[in-house]
Number of protein chains: 2
Amino acid sequence: MATLKDIAQALDLSVMAVSKALRDASDISAATKARVQEEARRINYVPNQSARNLRSHQSRLFGVVVPNVNNTYYSNLVWGIERQAEVMGYQILLAHSLDQGDCEIAEVRRLLARQVEGVLLVPAVRWQNRFMTLELLRQSGIPVVMLDRYPAGAEQFQQASWVVCRDQYGAELATRHLLELGHREILHLCGPNGSSASAARFGGYRKTMGDSEAGFRDNLVFLAGSDIESGRKAISQAISEKVSFTAVTAFNDLVAVGAADVLQHQGFRIPTDVSLVGFGDGLLAANFRVPLTTIRIPQIELGTAAVRLLEELIRGAAVDPRELPVELVVRYSTARVSPPA
Amino acid sequence: MATLKDIAQALDLSVMAVSKALRDASDISAATKARVQEEARRINYVPNQSARNLRSHQSRLFGVVVPNVNNTYYSNLVWGIERQAEVMGYQILLAHSLDQGDCEIAEVRRLLARQVEGVLLVPAVRWQNRFMTLELLRQSGIPVVMLDRYPAGAEQFQQASWVVCRDQYGAELATRHLLELGHREILHLCGPNGSSASAARFGGYRKTMGDSEAGFRDNLVFLAGSDIESGRKAISQAISEKVSFTAVTAFNDLVAVGAADVLQHQGFRIPTDVSLVGFGDGLLAANFRVPLTTIRIPQIELGTAAVRLLEELIRGAAVDPRELPVELVVRYSTARVSPPA
DNA sequence: ATTTTTTTTAGAAACGATTTAGAACTTTTA
DNA sequence: TAAAAGTTCTAAATCGTTTCTAAAAAAAAT
């Protein structure tokens, strides 16, 4: 592999001059720069980032930790992150937490070993110690931006911030939409415990129900999770408990899909018998068996916004967390409540 | 950030001894190792990978280039890759080619600058020069494993290999399935030009049709691509050309979904009027409006197998490309052909 | 007690770039 | 014409680790 030294020798220059020429420094003549650049191209010179990094303490590397890229929601975040990072001249190291705290911290440690300049993190929902990762990052002086969710009390970490969507408002929109269609018995299938997004969406549901004539009743709330299977289980439980309902709000599209699956198998028609609202608006929502009414999250923007925040943190600025807007997308899984048979 | 030196000073040892102790070298006493490891933990020591890499020429880094992680198919590959890489002690740098040759080569160059020990690549379908990337990698002495597709003639690159699925066989399965259901007029919606996968799947379709009594007719073949929109366009063209057909084989699930969308809008019922087979079996296939009969690709295994091949290449072994098995998954988008009205 | 062998630790150099400081040369200014 | 200023390049030190070589200490053998 060619090095600066090779170029320097070929052109009878100092290594320094070559280094500076390639970085377009001001104190190198245009003629020399041209010669150097040509030679560099000729021998296919690729700078050694490890050496550069070691000396300059600039890795131009971001670490990204998501539960799994398998999930479209997270892969959209990663996509947004990578696109924006590339624009700003950074590359990304991708790691998976599997939503487990111990994996998360192990991965962050590995990222730190690579001298990443910042970390983008979808915090694992299950922590043994909620702040361990943030604490480690603080100790290392590495800023972090969380996406999608964040632990309550994260404000105390100066080098941390987060980008989420307006979860509570989104859930309010969803619930209000159902109320306006005449539904009164509306289930809520909660997301995983320990996720601020779950809490916020549940909060939006509870508030809207409480403010309505329907009122909030906690026997209409079921713990699901964030995947299809959890949606199946939750709705099955609701059915087996013989709860009466005409509509369902789900933590996300996958939970909605799982619920829809079971409902249809049990003979409920959607939306004739049961209306259903998802959250997220991934590819699946629009193309599901019955296209889902859902709350649209600007997933890619979540990623790009997070990188922008991270850059500000790196520059030492104090940044406020951001909340991105959401909107209701009405498709075919919701309809006016049908009069009781 | 704590360094080896800090530990050495605290324990009154040489930097070397500490370095070796942490790597569990054979010529350091157990007592010293214990002391060192304890101190390392105490001060939260994280080794500097850049320095390590610079000196030892081992980055323990793989570069991964996919068109976009947005696409579930590719994100599944990335997931498989990362999982296996982690097992083998490697981290991954993720980059996007957008399926464009110039992006691809630029990204590979950036990966090389990071001293990656190997590259995993889904080659862009559009090359200005098909072998440019492989050539660059050969020059740099970095092995590469391609996934999903590869340029014809790639055998000449000793440090390159690839992992694909049995594309041709899969298309044969799909076509035969339709023939067995009594279909004779079967469309094929091709994948992008320049992809070996497209060619192989088309080949499987052509062979099976040619061998059957139905025979192969090229007016039943339409160029689509790899996304939903391209599926829409291709089927629209088929309809506008007034081609008579009772079944469709699509390059992948997304193309199938796009086609189904248009078909249903135009009043065709699936599978009553038109049978449809996808390829891939992503999340969407099982949960689409009408659950798709499709060819299952072991996407995650594709990723893990690729990493294993890459490791062999790194060890200097000559490896043969791999073909992973596929299987037909019958759902609800295919049915016996209905007698002409 | 001396030599040999084995175990354990230390020193110096190196990896490939950048930072800092300053030298050599040219041009401008007084 | 000498001093000041600007331009262009160079030398040496350095980043944090590992490799290579060798020295010191401990244990075993004579």
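Hydrogens, waters and symmetry mates are skipped; everything else that's a heavy atom, side chains included, is used. Chain letters run A, B, ... following the sequence lines, proteins first and then strands; every chain starts at 1.
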Could you tell me the separation between the [atom1] atom of [X] and the [atom2] atom of [N], rounded to a whole number of Å?
X	N	atom1	atom2	answer
A:R114	D:dC15	CZ	P	22 Å
B:D12	C:dT8	CG	C1'	15 Å
B:L13	D:dA24	CG	C1'	14 Å
A:D6	C:dG16	CG	C1'	11 Å
A:Q115	D:dG16	CD	P	9 Å
A:D24	D:dT8	CG	P	13 Å
B:Q58	C:dC15	CD	C1'	14 Å

- Message: Counting only heavy atoms from other residues, nucleotides and ligands, does the tally under 6.0 Å from CZ of A:R130 exceed 12?
- Response: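 Yes - once you tally the heavy atoms of other residues, nucleotides and ligands closer than 6.0 Å, there are more than 12.
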- Message: Looking at A:D12, I want to see if its CG is surrounded by more than 12 non-hydrogen atoms of other residues, nucleotides or ligands under 6.0 Å.
- Response: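 No - once you tally the heavy atoms of other residues, nucleotides and ligands closer than 6.0 Å, there are 12 at most.
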- If only atom types and distance count, is the side chain of A:S97 paired as donor or acceptor with the main-chain N or O of A:V65 below 3.5 Å?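 The answer is no, because no donor-acceptor pair under 3.5 Å joins these two groups.
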- Query: Any donor-acceptor pair under 3.5 Å linking the side chain of A:Q156 with the backbone of A:G153?
  - Reply: yes
- Item | Candidates D:dC15, C:dG16, C:dT9 - which lies nearest the side chain of B:L54 |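 It is C:dG16.
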Contact list for [range], test salt bridge (Lys or Arg N to Asp or Glu O under 4.0 Å), sequence neighbours left out:
range	value
residues 142-161 of chain B	B:D99-B:R149
residues 302-314 of chain B	B:E311-B:R315
residues 40-63 of chain B	B:E39-B:R42
residues 84-95 of chain B	A:R110-B:E86, B:R83-B:E86

- State which residues pass salt bridge (Lys or Arg N to Asp or Glu O under 4.0 Å) with A:E301; sequence neighbours excluded, sorted by chain then number.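 A:E301 satisfies salt bridge (Lys or Arg N to Asp or Glu O under 4.0 Å) with no residue once adjacent residues are dropped.
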- Taking only residues at least two apart or on different chains, which pairs with a member in residues 114-125 of chain B satisfy side-chain hydrogen bond (donor to acceptor under 3.5 Å, both in side chains)?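 Residue pairs with at least one partner in residues 114-125 of chain B: A:Q91-B:R114, B:Y90-B:E117.
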Sub-3.5 Å pairs of nitrogen or oxygen atoms, protein against nucleotides 25-28 of chain C:
none

- For B:T133, enumerate each residue passing the side chain to side chain donor-acceptor pair (under 3.5 Å) test, keeping only those at least two apart in sequence or located in another chain. B:E104
- Protein-proximity profile, nucleotides 17-24 of chain C, B/S/- by nucleotide at the 4.0 Å heavy-atom cutoff, equals BBB-B---
- Item | Stem list, DNA chain C (Watson-Crick or G-U pairing under 3.5 Å, at least 3 consecutive pairs) | C:1-30 with D:1-30
- Item | DNA chain D contacts among residues 28-43 of chain A, heavy-atom distance under 4.0 Å |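 The answer is A:I28, A:S29, A:T32.
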- Task: Could you pull out all residues at least two apart from A:D102 that satisfy side chain to side chain contact (heavy atoms under 4.5 Å, CB included)?
- Result: A:Q100, A:Q128
- Step by step, would you call B:L310 with B:V144 a side-chain contact (heavy atoms from CB on, under 4.5 Å)? CA-CA 7 Å; B:L310 187 55; B:V144 52; 5.7 Å; no
